[in-house]
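Below: the structure, in structure tokens.
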Amino acid sequence: MKTQHLLHPFNNIDNLPLKNRVVMAPMTRSRADNKGNVPTNELHGLYYEQRASAGLIITEGSQVSKQAVGYINTPGIYSKEQVEGWKKVTERVHNEGGKIFIQLWHVGRISHPDFHNGELPLAPSAINANEEVYTPEGQKKTVTPKEMTKEDIQQTIQDFKNAAQNAIEAGFDGVEIHSSNGYLFHQFFNKTSNKRTDEYGGSKENRARFFFEVLEAIKEVMPEQKIGARFNPSLHGTFGMEMDEETIPTFEYIIKKLNDYNLAYIHLSEPFTDVSDVPFAVENIAEHFRPIYNGTLMINAGFDQKSGNKIIEEGNADLVAFGKLYISNPDLVERFEKNQELADWDQETFYVPGKKGYTDYPKLEVNTLEQI
């Protein structure tokens with residue numbers, strides 16, 4: 001490729017110049033298999049360091065509290081031990097010239113009492129997602145969650161604020177609010193999962209209120225240009241989400257309102273499934289939301305080198321986040337630069353403990369040496 005827009009520097013985020021527009025997407029990898037769900041230097045530190053040539057790394061979702069967890073062996077950002085663990089990760093990435101945000105996560109109803117000493121997971125309304133989750137005791141069906149009280153909501157806002165403060169202490173360049181993929185914020189956004197009759201339910205303004213209250217709380221501890229937010233407007237038929245006629249207008253309201261903030265970026269996902277027959281869905285997310293949002297727009301889901309360059313060239317995105325390609329290609333940027341073949345990933349090792357399928361994918365130079 002003569003011109004690769006993915007490889008151009010990006011300097012539109014205040015005080016965060018990116019050496020290219022290739023972003024490592026957040027991906028659950030379940031390697032914090034220790035009592036405190038602490039990220040480790042030998043695994044997490046090496047994993048992210050290997051991928052530091054990305055313009056920006058966004059870590060796997062990291063729970064903001066014990067109540068926020070819904071997957072086994074995921075690292076948190078609420079304890080002193082977790083902060084100390086993440087410090088080693090950010091130091092290694094920065095030593096390689098990389099930039100790294102942490103994704104702040106609360107799964108809401110996509111959880112199970114097995115994670116909460118038998119207590120019900122929290123959600124905006126007591127509506128079962130009817131999904132399966134993998135608990136410490138194996139695969140189980142989700143249950144009807146507990147509808148959050150006002151006190152639960154205020155505590156969760158504080159949990160996100162505390163997590164953002166911890167992220168600063170751990171040396172992160174910023175945070176991404178995981179308001180996507182059927183998790184807690186997304187559950188508030190959608191009328192199919194939010195049946196509340198108070199100020200957090202009903203109108204799209206009310207259903208977005210919780211997200212904006214969290215955003216305002218995080219702003220109290222870090223500049224808003226260090227905050228990103230992720231959304232998946234056309235998620236349908238998975239993660240417990242079902243679209244209706246108000247789904248897209250709700251996301252349009254949220255993203256238009258975010259023009260009043262100076263965020264680092266918004267991170268949008270193209271549909272995870274075929275939504276061509278869903279009357280309320282938007283099939284081309286970046287194209288639809290680019291005219292609505294004035295700030296930095298990152299796009300994700302299924303992009304490769306060619307389509308990533310194309311969407312930036314067309315002006316529908318500023319940054320492109322790559323997920324699975326970054327699992328098996330720690331030197332993805334260098335492979336793009338040299339137009340080299342990409343290595344395949346091993347899906348069987350996505351969520352298993354240890355270095356296999358995590359830190360043992362070779363870089364291009366190693367592949368070349370092995371062929372000689």
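No hydrogens, no waters, no symmetry mates; every other heavy atom, side chains included, goes into these values.
The cluster map of Ile, Leu, Val, Met, Phe, Trp and Tyr, joined by side-chain heavy atoms under 4.5 Å apart, puts Ile177 and Met27 in the same cluster. Ile327 and Leu46 sit in two unconnected hydrophobic clusters of ILVMFWY residues. Membership requires side-chain heavy atoms under 4.5 Å apart, directly or through other members. By the rule that hydrophobic residues join a cluster once side-chain heavy atoms approach within less than 4.5 Å of another member, Val23 and Leu16 end up as members of one cluster. The hydrophobic clustering, which links ILVMFWY residues whose side-chain heavy atoms are closer than 4.5 Å, places Ile218 and Val64 together. By the criterion of side-chain heavy atoms lying less than 4.5 angstrom apart, applied directly or through intervening Ile, Leu, Val, Met, Phe, Trp or Tyr residues, Phe231 is grouped together with Phe322 in one hydrophobic cluster.
In this structure the side chain of Asp159 never reaches within 4.5 angstrom of the side chain of Tyr78, judged on heavy atoms. For the pair Pro113/Val143, a side-chain contact is recorded, criterion being any heavy-atom separation below 4.5 Å from C-beta on. For the pair Arg31 and Val352, the minimum side-chain heavy-atom distance is below 4.5 Å. Taking the side chain as every heavy atom from C-beta outward, Leu319 and His267 never approach each other to under 4.5 Å. Annotation: side chain of Asn37 is not in contact with side chain of Lys66 (no heavy-atom distance under 4.5 Å). Here the side chains of Arg335 and Leu325 are not in contact, with every heavy-atom distance at 4.5 Å or above. Phe210 is listed as a side-chain neighbour of Leu184, based on a closest heavy-atom distance under 4.5 Å. Here the side chains of Tyr261 and Ile266 are not in contact, with every heavy-atom distance at 4.5 Å or above.
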Stepwise side-chain contact (heavy atoms from CB on, under 4.5 Å) test for Asp346 and Tyr361: CA-CA 10 Å; Asp346 176 12; Tyr361 285 104; 3.6 Å; yes
Derivation and outcome, side-chain hydrogen bond (donor to acceptor under 3.5 Å, both in side chains), residues Asp344 and Ser328: CA-CA 6 Å; Asp344 293 328; Ser328 52; over 6 Å; no
Criterion side-chain contact (heavy atoms from CB on, under 4.5 Å) on Phe212 and Leu215, from CA distance to verdict: CA-CA 5 Å; Phe212 283 102; Leu215 177 57; 4.2 Å; yes
Test side-chain hydrogen bond (donor to acceptor under 3.5 Å, both in side chains) applied to Gln50 and Tyr326, step by step: CA-CA 10 Å; Gln50 290 172 335; Tyr326 252 121; over 6 Å; no
side-chain hydrogen bond (donor to acceptor under 3.5 Å, both in side chains) between Asn162 and Gln158, intermediate numbers included: CA-CA 6 Å; Asn162 292 342; Gln158 187 63 46; 2.8 Å; yes
Worked verdict on Tyr47 versus Arg29 for side-chain hydrogen bond (donor to acceptor under 3.5 Å, both in side chains): CA-CA 11 Å; Tyr47 173 70; Arg29 300 305 310 277; 3.1 Å; yes
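To the nearest 0.5 angstrom, Asn12 atom CG is 15.0 Å from Tyr265 atom OH. Distance check, rounded to the nearest 0.5 Å: NE2 of His288 to OH of Tyr293 gives 15.5 Å. One finds the NE2 atom of His112 at 10.5 Å from the CD atom of Gln139 (value rounded to the nearest 0.5 Å). Between Leu7 atom CG and Lys19 atom NZ the span is 12.0 Å, to the nearest 0.5 Å. The CE atom of Met148 sits 3.5 Å away from atom OG1 of Thr156, with the distance rounded to the nearest 0.5 Å. Note that NZ of Lys204 and CD of Glu246 are 7.0 Å apart. Values are rounded to the nearest 0.5 Å.
For the ring pair (Phe, Tyr, Trp, His ring centres under 6.0 Å) with Tyr71, the lone residue among Trp105, Phe115, Tyr351 that qualifies is Trp105. Tyr48 pairs with exactly one of Glu60, Arg92, Glu96 by the side chain to side chain donor-acceptor pair (under 3.5 Å) rule, that one being Glu60. With respect to Gln4, the side chain to side chain donor-acceptor pair (under 3.5 Å) criterion is satisfied by exactly one of Gln305, Arg21, Glu337: Gln305.
Judged by distance alone, the side chain of Asp318 and the main-chain N or O of Leu297 form a donor-acceptor pair under 3.5 Å. The backbone N or O of Gly182 sits less than 3.5 Å from a side-chain atom of Gln187, completing a donor-acceptor pair. The main-chain N or O of Tyr200 is found under 3.5 Å from a side-chain atom of Asn194 such that the two form a donor-acceptor pair. Formation of a donor-acceptor pair under 3.5 Å by the His116 side chain with backbone atoms of Pro121 is not found in this model. Arg230 places no side-chain N or O within 3.5 Å of a backbone atom of Gln103 that could act as its donor or acceptor partner. In terms of modelled atom types and a separation under 3.5 Å, the side chain of Ser234 and the main chain of Pro271 share no donor-acceptor contact. Between the side chain of Ser179 and the backbone N or O of Phe185 there is no donor-acceptor pair closer than 3.5 Å. Counting only distance, with no hydrogens or angles, the side chain of Asp304 and the backbone of Lys306 share a donor-acceptor pair below 3.5 Å. Proximity of a side-chain donor or acceptor of Ser30 to a complementary backbone N or O of Thr74 within less than 3.5 Å is not detected. At least one donor-acceptor pair under 3.5 Å links the side chain of Asn206 to the backbone N or O of Gly201.
In plain terms, the two heavy atoms of Ser193 and Pro124 that are nearest each other are O-CG, 3.7 Å. Nearest heavy atoms, Ile57 versus Ala52: CD1-CA, 4.0 Å. Here the closest non-hydrogen pair linking Leu263 and Ile227 is CB-O, 3.4 Å. The two atoms that bring Tyr183 and His106 nearest to each other are CB-O, 3.5 Å, heavy atoms only. Across every non-hydrogen atom of Ser125 and Arg196, the tightest pair is OG-N, 3.6 Å. Heavy atoms only, all atoms of each residue included: Ala208 and Ile254 are closest at CB-CG1, 3.7 Å.
Residue Glu245 qualifies as enclosed at atom CD: its count of foreign heavy atoms under 6.0 Å is above 12. Other residues, nucleotides and ligands contribute over 12 non-hydrogen atoms within 6.0 Å of the CG atom of Asp198. The number of heavy atoms from other shown groups lying within 6.0 Å of NZ (Lys80) does not exceed 12. No more than 12 heavy atoms of other residues, nucleotides or ligands lie within 6.0 Å of OH in Tyr134, so this atom counts as exposed by the packing criterion. Within a 6.0 Å sphere centred on CG of Asn11, other residues, nucleotides and ligands contribute more than 12 heavy atoms.
Electrostatic pairing of Lys88 and Glu91 does not count as a salt bridge here, judged by no charged N lying under 4.0 Å from a carboxylate O. A salt bridge does not link Glu199 with Arg209: none of the charged nitrogens is closer than 4.0 Å to a carboxylate oxygen. Classification of Glu313 and Lys310 as a salt-bridged pair fails, no side-chain N sitting under 4.0 Å from a carboxylate O.
Aromatic ring centres of Phe160 and His178: separated by at least 6.0 Å. Residues Phe189 and Phe251 bring their aromatic ring centres within 6.0 Å.
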